[in-house]
Amino acid sequence: MPIEIRLPDGSVVEHPEGSTGLDVAAAIGSRLAKAAVAVRLDGEWLDLSRPLPHGGSIEIVTENTEDGRSVLRHSAAHVLAQAVLDLYEGATFAIGPAIADGFYYDFKVDQPFTPEDLERIESRMAEIIAADQPFIREAMGRDQALELFSDHEFKREIIETVEPGEVPAGDEVTVYRNNGFVDLCRGPHLPSTGRLEAVKLLRIAGAYWRGDEANPQLQRIYGTAWESKKELEAYLHRLEEAERRDHRRLGPELDLFSFPKEMGAGLVVWHPKGGLVRKLIEDHSRRLHERYGFEFVFSPHLAKEDLWNTSGHLQWYAEGMYPGMEMDHGDAYRVKPMNCPFHIMIYRSRGRSYRELPLRLGELGGVYRYERSGVLHGLLRARGFTQDDSHTFCTRGQLADELAMHLDFVLRWLKDFGFTEFEADLSTRPDKYVGDPAQWGEAEEALAAALDRAGMEYRVAEGDGAFYGPKIDVHVKDAIGRRWQMSTIQVDFNLPERFGIEYAGPDNAPERPAMIHCAKAGSIERFFGVLVEHYAGAFPTWLAPVQAMIVPVADRHIDYARSVAEQLANAGLRAEVDHSGETVGEKIRRAITAKTPAVMVVGDRDVEAGTAGYRRYGADEERRGVSVDEIITELAAEAQPPGVSA
RNA sequence: GCCGAGGUAGCUCAGGGGUAGAGCAAUUCACUCGUAAUGAAUAGGUCAGGGGUUCAAAUCCCCUCCUCGGCUCCA
């Protein structure tokens, strides 16, 4: 009896019973059949070579889509495991999924892999791919699978812990064989290993079984796979591009900041140029905070341990905090990992009325968190950093409007720095939490409502909230498509409770305010690091430490160069004169290498005419004889911070 | 913290038991130049730090610190 297959365009075709996904694809076109890697029938993944079990809506998954690539990568992971098991006696394998841009496989081996091993494994993989071994799917009972993988402890553990719901056929699991190799796997896979066009192993890393430090540590091999050599090359090129933008390289190169070893890991010093850019960022932060109705406060770097007991930090966050310091009268003090308790102290310094709510307190507060040595990563993960932190105290009734305002603020802030794509995560109650679950629910709903009001799509991250409350995290996509977490907005009913803060309501009865924690940049350091990578070190004019470099052609033009610099300075622009003894070409090269937005070359003709040769960063050619006034007008317009008129 | 790879001049890196090297940067001198590198000379090092083996250690061994790629966590 033929089966009816509905194609994505809505048309229905008939195929004889026993037809495979490949048959369906081939009937549509030979090119489609060639590009196909798997099919989805009513949403269920099937191998291309598997007879379709029933009719339904079909989707041919091709190799040039993200879904298609993940099939490809998953098959590549199998080949990797096959190669490793071939080459290393006694090796056993754990899991090997496709991930963004690639795949990995975890192994337990007697000796850790070396870079030379990687080459050896890669050549073995090439042989397996050249042999074009078919992947053959086989379903079997759990007992049989346990028997099959009797030598492989991790596979046995997976089989034993598979949830019944994860396996469509109840108590069955599936394995895929190619040649002598067999792996437990849900599939789907490519028809054969020969379909792997472009595979490359990238690096070796340690990884714990199931990501838990209590479990044995395995050896992980990362690789990448693409549908063509060309795509692989493009990917490797993207990796190089990311490396070129690395803020840890650009920071010292552009003389912005450094991490002197003498100070300790994760601690940064800002050089004058970096300090200037940072100040401009902070100025903008203050400007927007004021515009959105925040007031500025300041608080100390440490406080008595008691305060951190009351706040719950010592109970819930102790491992992120530095140890106590003994001070007067045996009191221990702790360096602050967060600013919130201090802002509560300010709230609590006198009686509060409902009439003064919402009370919005902001601070660029330096905090210190003990990050484990292995996770430090330049400015993106430091041990000392500055939060553009705020705490808003409001009534329950004000919460929805306040959250909407905070979200608006955050998006304004991010747009001002050139980010245009945003994604939000709504993180809900974690396992370790304080407070009443009903209040958590209320807070989570309020956050979701704010996202809906802003028309933002979001993903729910179950259990990712802070210990004191749920939160919205806003992520941005940078210039090369990477996703960074920036801002966070958190609702908190708990700290007000713990500190017992109140306000007098209209009927003079004491009420408890709600609190909103919000960091717009997140950490200024991290934000700065992301900006460096986003702009590849070439800051827009309003943030550039030097906005114009003036290059005299010969020494006799230095006086004129200085007078031009003065004109620019009078217009509020940051200009420098390069009076070094280098050639014109070299001085220009230096200015471009420093990513200066504008280079102005001045020679005899310019001295006479009041002009300059004008070269913009990124432009291929310069313009000669441009009037200095015209240049000043153009640069001064660009130099205005976003939302500030000249 | 754990697994792996590293740390040699300001930067990028060579050298692997027997006198510390290169390119770029820096300094000085000459050149005064019209849009991405003028030439020459000079200076610069507890070879991350400490301990050990050795007649002799940058080199081999141990410990510590720091960096990088991951695991985990987060801003």
Side-chain angles (χ1 to χ4, degrees), chain A residues 104 106 109 111-115 117-118 202-222 243 246 248-249 252-253 255 258-267 317 319-320 337-338 367 369-382 385-389 427 430 464 466 471 473-475 484-488 490 517 519-527 529-530 551-558 580-593 599-606 612-615 619-625:
Chain A
Y104 68 80
D106 286 346
V109 281
Q111 291 290 319
F113 294 119
T114 64
D117 286 320
L118 224 52
L202 297 175
R203 65 182 79 89
I204 307 154
Y208 297 100
W209 169 235
R210 304 206 149 164
D212 186 339
E213 295 174 38
N215 289 335
Q217 185 150 26
L218 306 172
Q219 289 285 308
R220 175 171 297 178
I221 296 179
Y222 281 93
E243 202 175 321
D246 194 324
R248 292 167 301 179
R249 171 206 204 84
E253 216 168 277
D255 200 14
S258 57
F259 288 87
K261 294 181 176 21
E262 293 82 348
M263 294 176 352
L267 301 170
Y317 197 75
E319 54 188 44
M338 296 185 195
V367 297
R369 297 184 186 175
Y370 179 73
E371 297 286 355
R372 296 193 300 175
S373 58
V375 306
L376 297 172
H377 187 90
L379 290 177
L380 303 186
R381 182 141 313 262
F385 59 95
T386 312
Q387 288 185 308
D388 61 336
D389 207 0
S427 299
D464 273 357
K471 60 178 181 175
D473 290 324
V474 179
H475 297 74
W484 302 97
Q485 183 183 330
M486 302 290 223
S487 323
T488 181
Q490 314 181 346
H517 306 243
K520 295 89 223 163
S523 123
I524 297 289
E525 283 77 1
R526 180 187 163 80
F527 189 75
V530 172
V551 173
V553 171
D555 286 356
R556 65 179 177 279
H557 309 118
I558 289 180
S580 66
E582 300 295 339
T583 57
V584 174
E586 171 64 7
K587 285 187 280 198
I588 289 164
R589 195 186 70 87
R590 287 183 195 196
I592 293 172
T593 308
V599 182
M600 295 166 70
V601 180
V602 294
D604 290 332
R605 294 194 289 278
D606 298 298
Y614 187 44
R615 172 188 275 270
D620 290 337
E621 286 182 357
E622 77 283 2
R623 287 163 61 205
R624 303 274 174 106

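Not measured: the values here are computed from a predicted model. Residue numbers begin at 1 in each chain, while the letters A, B, ... track the order of the sequences.
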>> Nearest whole Å is fine: how far is B:rC71 C1' from A:I221 CD1?
In response: 15 Å
> Can you tell me if the side-chain N/O atoms of A:T488 get under 4.0 Å from OP1 or OP2 in B:rA75?
Replying inline: no
>> Could you tell me how far apart A:R526 (CZ) and B:rA75 (C1') are, to the nearest whole angstrom?
In response: 6 Å
>> Of the listed nucleotides (B:rC33, B:rA75, B:rA37), which one gets closest to any side-chain atom of A:R589?
In response: B:rA37
> Considering every strand shown, what is the Watson-Crick or G-U wobble mate of B:rC71 when both distances are under 3.5 Å?
Replying inline: B:rG1
> With rounding to whole Å, what would you report as the distance between B:rG15 and B:rU59 at their C1' atoms?
Replying inline: 9 Å
> Rounded to whole angstroms, how far apart are CG on A:L380 and P on B:rC68?
Replying inline: 10 Å
>> Taking any heavy-atom pair under 4.0 Å as a contact, classify A:V584: base, sugar-phosphate, or nothing.
In response: sugar-phosphate
>> By nearest atom, which of the nucleotides B:rG69, B:rU32, B:rA75 is closest to the A:H377 side chain?
In response: B:rG69
> Do any side-chain nitrogens or oxygens of A:Y370 fall under 4.0 Å of OP1 or OP2 in B:rG1?
Replying inline: yes
>> Rounding to an integer number of Å, can you tell me how far A:R220 CZ sits from B:rA5 P?
In response: 18 Å
> Expressed in whole Å, how much space separates the P atoms belonging to B:rA41 and B:rA36?
Replying inline: 28 Å
> Quick one: is B:rG69 close enough that its OP1 or OP2 comes under 4.0 Å of any side-chain N or O from A:R248?
Replying inline: yes
> For atom C1', what is the distance between B:rG50 and B:rU38, given to the nearest Å?
Replying inline: 48 Å
> Are A:R590 and B:rA26 close enough that a side-chain N or O sits under 4.0 Å from OP1 or OP2?
Replying inline: yes
> Rounded to the Å, how far apart are A:L118 CG and B:rG69 P?
Replying inline: 17 Å
>> Over all strands shown, is A:G585 touching base, sugar-phosphate only, or nothing at heavy-atom distances under 4.0 angstrom?
In response: sugar-phosphate
>> Could you identify the nucleotide paired to B:rA40, looking across every strand shown and requiring Watson-Crick or G-U wobble geometry with both distances under 3.5 Å?
In response: B:rU28
>> Using the side-chain heavy atoms of A:R615, tell me which of these nucleotides is nearest: B:rU32, B:rG34, B:rA36.
In response: B:rA36
>> Tell me whether the side-chain N/O atoms of A:R556 come closer than 4.0 Å to OP1 or OP2 in B:rC33.
In response: yes
> If you check every side-chain atom of A:A265, which of B:rU67, B:rG70, B:rC33 has the closest atom?
Replying inline: B:rU67
> Of A:G613 and A:Q219, whose closest RNA chain B nucleotide lies nearer the 5' terminus?
Replying inline: A:Q219
> Is there a donor and acceptor pair closer than 3.5 Å between the side chain of A:D604 and the base of B:rG34?
Replying inline: no
> Whole-Å distance between B:rG34 C1' and A:Y614 OH?
Replying inline: 18 Å
> Quick one: which of B:rG4, B:rU38, B:rC68 gets closest to the side chain of A:P112?
Replying inline: B:rG4
> What is the nucleic acid contact for A:Y222, judged by heavy atoms within less than 4.0 Å: base, sugar-phosphate only, or nothing?
Replying inline: sugar-phosphate
> Using the C1' atom in both, what is the distance from B:rA48 to B:rC68, to the nearest Å?
Replying inline: 15 Å
>> Using modelled atom types and a 3.5 Å cut-off, is there a donor and acceptor pairing between side-chain atoms of A:R526 and backbone atoms of A:F385?
In response: no
> Considering only the C1' atoms, how many Å lie between B:rG4 and B:rA40, rounded to the nearest integer?
Replying inline: 47 Å
> Looking for any heavy atom pair under 4.0 Å, which part of the strands does A:G603 touch: base, sugar-phosphate only, or nothing?
Replying inline: base
>> How many whole angstroms separate atom CG of A:L376 from atom P of B:rG69?
In response: 11 Å
>> Looking at A:D212 and A:R210, is there a salt bridge between them, counting it only when a charged N and a carboxylate O are closer than 4.0 Å?
In response: no
> What does A:G581 touch in the nucleic acid at a heavy-atom separation under 4.0 angstrom: a base, only the sugar-phosphate, or nothing?
Replying inline: base
> Which of these nucleotides, B:rU67, B:rG34, B:rU32, is closest to any side-chain atom of A:R624?
Replying inline: B:rG34
> Can you tell me the Watson-Crick or wobble partner of B:rG23, both distances under 3.5 angstrom?
Replying inline: B:rC11
> Taking the side chain of A:I588 as heavy atoms from C-beta outward, which of B:rA75, B:rC33, B:rA36 is closest to it?
Replying inline: B:rA36
>> When you measure from the side-chain N and O atoms of A:K471 to the phosphate of B:rA75, is any distance below 4.0 Å, counting only OP1 and OP2?
In response: yes
> When you check the gap from the basic side-chain N to the acidic O, do A:D464 and A:K471 get nearer than 4.0 Å?
Replying inline: no
>> So, under a plain 3.5 Å distance rule, would you say the side chain of A:Y208 forms a donor-acceptor pair with the base of B:rC3?
In response: no
> Nearest of B:rG34, B:rA36, B:rA75 to any side-chain atom of A:R605?
Replying inline: B:rG34
>> Does any part of the side chain of A:E371, heavy atoms only, come nearer than 4.5 Å to the side chain of A:L376, both counted from C-beta?
In response: yes
>> So A:D606, base contact, sugar-phosphate only, or nothing? Heavy-atom distance under 4.0 Å.
In response: base
> When we call it a touch if two heavy atoms are under 4.0 Å apart, what does A:A521 touch: a base, just sugar-phosphate, or nothing?
Replying inline: nothing
> What does A:Q217 touch in the nucleic acid at a heavy-atom separation under 4.0 angstrom: a base, only the sugar-phosphate, or nothing?
Replying inline: base
> What is the distance from OH of A:Y104 to P of B:rG69, rounded to the nearest Å?
Replying inline: 18 Å
> So, does the side chain of A:E253 form a donor-acceptor pair with the base of B:rA25 at under 3.5 Å?
Replying inline: no
> In whole Å, what separates the P atom of B:rA9 from that of B:rA20?
Replying inline: 15 Å
> Do A:R589 and A:E582 meet the salt-bridge criterion of a basic N to acidic O distance under 4.0 Å?
Replying inline: no
> Where each residue is assigned the nucleotide of RNA chain B containing its nearest heavy atom, which of A:M486 and A:G266 is assigned the position nearer the 5′ end?
Replying inline: A:G266
> Using purine N1 to pyrimidine N3 plus N6-O4 or O6-N4 for Watson-Crick, or N1-O2 and O6-N3 for G-U wobble, both under 3.5 Å, which nucleotide pairs with B:rA58?
Replying inline: none
> With respect to the side chain of A:V601, which nucleotide from B:rG34, B:rG69, B:rC33 is positioned closest?
Replying inline: B:rG34
>> What's the closest nucleotide to the side chain of A:E371 if the choices are B:rG70, B:rA75, B:rA36?
In response: B:rA75
>> Less than 4.0 angstrom from a charged side-chain N to a carboxylate O is my criterion; do A:R372 and A:E213 meet it?
In response: yes
> Would a 4.5 Å heavy-atom cut-off, applied to side chains only, mark A:H475 and A:D473 as touching?
Replying inline: yes
>> According to a cutoff of under 5.5 Å between the ring centres and under 30° between the ring planes, does A:F385 stack with the base of B:rA75?
In response: yes
>> Within the 4.0 Å heavy-atom criterion, would you say A:H557 contacts the bases, only the backbone, or no part of the nucleic acid?
In response: nothing
> Looking at B:rU72, does its base get a donor-acceptor pair with the side chain of A:R372 below 3.5 Å?
Replying inline: yes
